[in-house]
Amino acid sequence: MKQHQKTYSSVEYNHRLQMFANNWRKIHAHNQRNHTFKMALNQFSDMSFAEIKHKFLWSEPQNCSATKSNYLRGSGPYPSSMDWRKKGNVVSAVKNQGACGSCWTFSTTGALESAVAIASGKMLTLAEQQLVDCAQAFNNHGCEGGLPSQAFEYILYNKGIMGEDSYPYMGKDGQCRFNPEKAVAFVKNVVNITLKNDEDAMVEAVALYNPVSFAFEVTEDFMMYESGVYSSKSCHKTPDKVNHAVLAVGYGEQNGLLYWIVKNSWGSHWGNNGVLPHRAWEEHVWLGCLCLLPRPSGISHDCTGYWMAGKGRNWSFHENATLEKIVRKTTKRPSHS
């Protein structure tokens, strides 16, 4: 309670204690089995998964299959690994969305912040709250969910996004207070990349351009992730089930598994400082991805957005909770324990 700054009434305490005990038993049972990742107690351990979904994930359905591709990729080859965190100050610090299903806004701002930093050397901190409050006309729903692709469309046609210092994050729906005179970053164009059967396009985007935003389906065991290569067999196989958006900041290989390095928006207490690897070749995770190709212009910053949507094959996450690792496709299907 003290670590996560939680207080309960006497009536609520008994309920939270029961939830905590139930989750502890699940964690203990999971860690006794031969899984590729470990689970641990965290800020979600006093909640049911239904409550977590209501407070922290999308409640409005988002269908990635509505996103069409108009991206032409090269033929490679690409580097065997990439980690934008090691390329200087081009990945912003892990943030915390709080009890608001606004992950899509953090995925969007994270991609744009990195694109601007790579292009200009200047790290901005952009306003997620502006997207929560102002992007509804582009089929986004504030704390009830949205898609990074639609958020970038909003920034493009809205002609900019403000900095967080001018439009601070509140973690709840509010009235739009956008001031065009205070816009600090802009999107010049949006290009769509469909991920289905073309994971190499995502590799190319991360390897050659900048971090990539994508969406996937969170299931119950993901919430208590601590370390190792995350893998779930309970995901649906339809693109309308995605409920969380994050930012891929690199990829690599660990113990023969290829993975993505992914930045989350649940604060540094989740997982191992926010990094998690997700294993590939398990045909159960639907993904959408969006990256930015920067085109700076003067003091402000123009970027081209890339949105990737579709079904990934065998995705798994690995340690470092605020940043996640998600395993990408291998040339051979690995055996399952």
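The closest side-chain heavy-atom distance from Leu126 to Val116 is not below 4.5 Å. In this structure the side chain of Trp84 reaches within 4.5 angstrom of the side chain of Ile118, judged on heavy atoms. Residues Phe216 and Val246 are in side-chain contact: their nearest non-hydrogen atoms beyond the backbone lie under 4.5 Å apart. For the pair Tyr167 and Ile161, the minimum side-chain heavy-atom distance is 4.5 Å or more.
Less than 6.0 angstrom separates the ring centroid of Tyr169 from the ring centroid of Phe106.
Asp83 places no side-chain N or O within 3.5 Å of a backbone atom of Gly250 that could act as its donor or acceptor partner. In this structure a side-chain-to-backbone donor-acceptor pair under 3.5 Å is missing from Ser265 to Lys95.
Closest of all the heavy-atom pairs between His141 and Asp173 is O-OD1, 4.5 Å. For the pair Met162 and Arg177, the tightest heavy-atom approach, listed with the atom from each and the gap, is SD-O, 4.1 Å. The shortest non-hydrogen separation linking Ser45 to Asn23 is O-ND2, 2.8 Å. Considering all non-hydrogen atoms of both residues, Ala207 and Pro79 come closest at CB-CD, 3.7 Å. Across all their heavy atoms, Trp104 and Leu131 have their closest contact at CH2-O, 3.4 Å. For Cys143 against Lys172, the heavy-atom pair with the smallest separation is SG-CA, 3.6 Å.
A side-chain N or O of His244 and one of Asn264 form a donor-acceptor pair less than 3.5 Å apart. Between the side chains of Thr109 and Glu128, at least one donor N or O lies within less than 3.5 Å of an accepting N or O. Side-chain contact check for Glu164 and Thr125: no donor-acceptor pair (N or O, by modelled atom type) lies under 3.5 Å.
Both Tyr78 and Phe214 are part of a single hydrophobic cluster, where members link through side-chain heavy atoms under 4.5 Å apart. Under the 4.5 Å side-chain contact rule for hydrophobic residues, Val184 and Met123 do not share a cluster. Residues Val132 and Ile155 fall into different hydrophobic clusters, defined by Ile, Leu, Val, Met, Phe, Trp and Tyr side chains chained together at heavy-atom separations under 4.5 Å. If you chain together hydrophobic residues whose side chains sit under 4.5 Å apart, Met19 and Leu41 never meet in one group.
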Start with the C-alpha distance between Gln43 and Phe56, add both sets of side-chain angles, then the distance that settles side-chain contact (heavy atoms from CB on, under 4.5 Å), and finish with yes or no. CA-CA 12 Å; Gln43 69 264 41; Phe56 297 92; over 6 Å; no
Using side-chain contact (heavy atoms from CB on, under 4.5 Å), reason through Asp221 and Phe37 one step at a time and then give a plain yes or no. CA-CA 10 Å; Asp221 54 5; Phe37 70 100; 3.9 Å; yes
Apply side-chain contact (heavy atoms from CB on, under 4.5 Å) to Asn22 and Arg25, showing your working. CA-CA 5 Å; Asn22 289 341; Arg25 285 191 287 269; 2.4 Å; yes
Determine whether Tyr154 and Gln150 satisfy the following criterion, side-chain contact (heavy atoms from CB on, under 4.5 Å), listing intermediate values before the conclusion. CA-CA 6 Å; Tyr154 160 77; Gln150 294 160 180; over 6 Å; no
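Between the CD atom of Gln97 and the OG atom of Ser102 there is a distance of 4.5 Å, given to the nearest 0.5 Å. The structure places CD of Glu113 at 12.5 Å from NZ of Lys122, a figure rounded to the nearest 0.5 Å. Atom OG of residue Ser92 and atom NZ of residue Lys263 lie 2.5 Å apart, to the nearest 0.5 angstrom. A distance of 10.0 Å separates CD of Gln130 from OG of Ser166, quoted to the nearest 0.5 Å. Of the inter-residue distances, the one linking Asn140 atom CG with Cys134 atom SG reads 11.0 Å to the nearest 0.5 angstrom. Rounding to the nearest 0.5 Å places NZ of Lys182 at 8.5 Å from CG of Asp165.
Taking the six-membered ring where the residue is Trp, Tyr157 and Phe138 present parallel rings, their angle staying beneath 30° rather than reaching 60°.
Screening Met224, Glu226, Met223 for a side-chain contact (heavy atoms from CB on, under 4.5 Å) with Met39, the sole residue that qualifies is Met224.
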